[in-house]
Amino acid sequence: MKIVTELHQLLDKFANCSCTRTHVYGVLYISQWHDSVGLRLLLGLDKNYWLLMVSLFLVNAVSLGQFTSTYLEELKASPEIIGVIFSLSTLVFVLVSPIGGAIGDVFGRKRLLILSPIIASASLLIIGLAPDWRIATVGMMLSNLSPAINVPSFQAYIADITPEEKFGRAFGLITSMFSVCGVITPLAVGFMIVSQGYRMTILIIVAVTLIGGLSRFFLKETEKSKGEMKASVVFKGVFSPLKNKQIAPIVVAQMGYFLAMSMNYSFLTLFLNSIVGLGEDAIGLIFAVSAVSSAVTAPLAGRLAEKYSSRILLVSGLLADAVSVVLLINVQEFWEFMVIAVVWGAVATFYWPVMDAAMAKATRRGKRGAEFGSLESLRNVASLPGPFIGGVLWGTLGPVAPFYAFTILVVAVAIFVFLAVRV
């Protein structure tokens with residue numbers, strides 16, 4: 001390093017002065033320590049990775065997120081109707097994800113990464129200006145076009161610019177960034193909803209999302225358009241990762257987990273608001289505390305996935321998720337919600353970077369967009385009936401029913417992972 005060489009020269013120049021020698025050696029040690037720490041912090045990842053992380057933060061810094069269900073309730077939608085709306089929105093994601101990923105393979109991932117926030121902003125305008133839940137449903141379905149074209153290209157882009165041996169840390173940091181956004185969003189959006197109302201809050205979210213999208217113009221393209229490539233070529237063998245005996249059980253586990261999660265998270269905010277009686281600002285604080293824990297542990301999970309068996313990490317995360325939800329719906333004191341949120345975020349987040357790294361290893365460069373899109377589509381197919389089932393359980397067996405159903409299914413998935421997964 002240039003700075004190290006210069007310091008050695010400076011040391012030789014003042015070799016006769018013990019005091020100077022001591023100070024220079026001290027500076028040399030600090031510079032070398034700073035360099036090694038810097039390398040550990042940057043983790044040897046491409047500069048475009050960090051630019052995309054900044055963009056990811058801007059696009060996700062504020063979102064309607066957990067408050068979508070309470071907003072739909074304000075538009076006079078019942079829990080059953082809310083479940084149907086979420087299922088219809090997921091259907092759009094399922095149908096479009098493989099196509100969106102394939103388009104990124106052919107015409108470039110950067111274009112879709114830029115287009116996604118624009119679509120998200122347009123859909124939010126429809127949702128925010130909707131006079132009733134019926135019009136909001138149109139906006140909700142349009143809103144899922146954004147992740148349908150963004151998620152496969154985003155995951156493929158990360159895999160393109162990251163060495164395979166660093167997939168764990170790359171996806172771990174992404175999970176951590178989502179968690180950081182998960183700290184800001186519930187706090188900021190919950191406060192804005194209480195003080196400004198839903199419609200003004202949604203307009204603010206639209207503006208921030210567009211700003212985040214503009215930052216993606218500075219990304220380097222990884223897969224440029226190739227005129228000779230045809231859609232049939234891109235889609236050929238698109239489910240090839242499922243032929244991998246190590247990956248197929250993970251996909252099955254993901255499908256089971258997504259089904260369970262869609263029965264739960266669509267109604268958790270509604271439960272805390274309507275049944276427990278917490279305001280949006282208090283609910284936001286609970287989610288924010290959980291996200292802080294997640295932001296801390298997600299990079300650790302990614303690094304552990306690079307060195308050790310993913311199976312134990314996956315099982316631990318799934319069981320922690322199940323136990324946390326049961327505890328969360330059975331307490332009343334606000335401090336109890338906060339403690340559970342910390343533990344929930346700290347352990348349950350182990351699931352995501354481990355899964356994403358495994359998926360990245362199973363995909364092929366040049367076809368990653370379509371393959372990621374197909375894998376996303378598969379696991380979201382499983383989640384399609386989840387919100388509807390959750391709404392029916394809420395309406396027929398009571399508000400706690402969707403959460404106990406979630407717990408039972410997640411425990412079953414954890415047992416399956418322990419028996420079948422070998423990564």
Side-chain angles (χ1 to χ4, degrees), residues 54-79 81-83 85-86 88-89 92 114-147 150 177-216 265-292 334 341 387:
V54 172
S55 167
L56 179 69
F57 172 78
L58 293 172
V59 170
N60 294 278
V62 288
S63 67
L64 196 56
Q66 299 96 332
F67 301 105
T68 304
S69 58
T70 50
Y71 175 65
L72 292 172
E73 184 186 41
E74 189 172 274
L75 295 179
K76 310 303 181 185
S78 66
I81 292 296
I82 292 172
I85 293 172
F86 278 111
L88 288 173
S89 301
V92 173
I114 294 171
L115 179 62
S116 173
I118 297 174
I119 295 175
S121 299
S123 64
L124 277 169
L125 281 176
I126 296 174
I127 294 170
L129 299 176
D132 56 42
W133 62 265
R134 296 170 181 83
I135 302 300
T137 300
V138 176
M140 288 279 291
M141 295 179 70
L142 177 62
S143 71
N144 262 12
L145 283 177
S146 174
N150 177 76
M177 179 58 74
F178 275 116
S179 298
V180 170
C181 294
V183 176
I184 298 171
T185 291
L187 287 175
V189 175
F191 174 79
M192 286 190 290
I193 289 172
V194 170
S195 60
Q196 304 294 328
Y198 277 101
R199 297 190 188 278
M200 180 56 68
T201 299
I202 290 173
L203 291 176
I204 294 172
I205 294 172
V206 168
V208 176
T209 301
L210 285 174
I211 292 171
L214 292 175
S215 67
R216 296 182 176 181
Y265 293 129
S266 300
F267 298 98
L268 184 54
T269 301
L270 189 62
F271 179 87
L272 294 174
N273 181 252
S274 301
I275 307 302
V276 179
L278 298 178
E280 284 88 351
D281 48 355
I283 295 171
L285 185 58
I286 291 170
F287 281 111
V289 167
S290 178
V292 169
F334 185 72

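Starting from 1, each residue takes its place in the sequence as its number.
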When you look at Leu88 and Met140, which way does the side chain to side chain contact (heavy atoms under 4.5 Å, CB included) test go after all the steps?
CA-CA 8 Å; Leu88 288 173; Met140 288 279 291; over 6 Å; no

Evaluate the side chain to side chain contact (heavy atoms under 4.5 Å, CB included) criterion for residues Phe86 and Thr68: first the C-alpha distance (whole Å), next the side-chain angles of each, then the deciding distance (0.1 Å), finally the verdict.
CA-CA 10 Å; Phe86 278 111; Thr68 304; 4.0 Å; yes

Between Leu75 and Arg134, is the side chain to side chain contact (heavy atoms under 4.5 Å, CB included) condition met? List the steps.
CA-CA 9 Å; Leu75 295 179; Arg134 296 170 181 83; over 6 Å; no

Can you list the steps and then say if Ser274 with Glu73 is a side chain to side chain contact (heavy atoms under 4.5 Å, CB included)?
CA-CA 10 Å; Ser274 301; Glu73 184 186 41; 3.3 Å; yes

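For Phe287, there are no ring pair (Phe, Tyr, Trp, His ring centres under 6.0 Å) partners two or more places apart in sequence or in a different chain. Annotation: side-chain contact (heavy atoms from CB on, under 4.5 Å) contacts of Phe191 (sequence neighbours excluded): Ser195.
The minimum heavy-atom distance between Val189 and Ser63, with the atom names listed, is CG2-O, 3.3 Å.
Contact annotation: the side chain of Leu278 approaches that of Ile286 to within less than 4.5 Å [non-hydrogen atoms, C-beta and beyond]. The side-chain heavy atoms of Ser78 and Ile81, taken from C-beta on, include a pair separated by under 4.5 Å. Contact of the Ile85 side chain with the Met141 side chain is not registered, since no non-hydrogen atoms from C-beta on lie closer than 4.5 Å.
No donor-acceptor pair closer than 3.5 Å links the side chain of Ser146 to the backbone N or O of Ile119. Put simply, the side chain of Tyr71 gets close to the backbone of Ile127: a donor and an acceptor are under 3.5 Å apart. Remark: the backbone N or O of Phe67 is paired with a side-chain donor or acceptor of Thr70 at under 3.5 angstrom. Side-chain atoms of Asn144 come within 3.5 Å of backbone N or O of Ser89 as a donor-acceptor pair. No donor-acceptor pair under 3.5 Å is formed between the side chain of Asn273 and the backbone N or O of Val276.
A distance of 12.5 Å separates OG1 of Thr137 from CG of Leu142, quoted to the nearest 0.5 Å. The line from CG of Leu56 to OG of Ser215 is 9.5 Å long, rounded to the nearest 0.5 Å. From Leu214, atom CG reaches atom CD1 of Ile114 across 8.5 Å, with rounding to the nearest 0.5 Å. With values rounded to the nearest 0.5 angstrom, Glu74 atom CD is found 6.0 Å from Tyr198 atom OH.
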Under 3.5 Å, which donor-acceptor pairs link side chains of residues 199-212 to any protein atom two or more places apart or in another chain?
{"from": "Arg199", "atom 1": "NH1", "to": "Gly128", "atom 2": "O", "distance (Å)": "2.4"}
{"from": "Arg199", "atom 1": "NH1", "to": "Ala130", "atom 2": "O", "distance (Å)": "3.2"}
{"from": "Arg199", "atom 1": "NH2", "to": "Ala130", "atom 2": "O", "distance (Å)": "3.0"}
{"from": "Thr201", "atom 1": "OG1", "to": "Met192", "atom 2": "O", "distance (Å)": "3.4"}
{"from": "Thr201", "atom 1": "OG1", "to": "Ile193", "atom 2": "N", "distance (Å)": "3.4"}
{"from": "Thr201", "atom 1": "OG1", "to": "Gly197", "atom 2": "O", "distance (Å)": "2.7"}
{"from": "Thr209", "atom 1": "OG1", "to": "Ile205", "atom 2": "O", "distance (Å)": "2.8"}

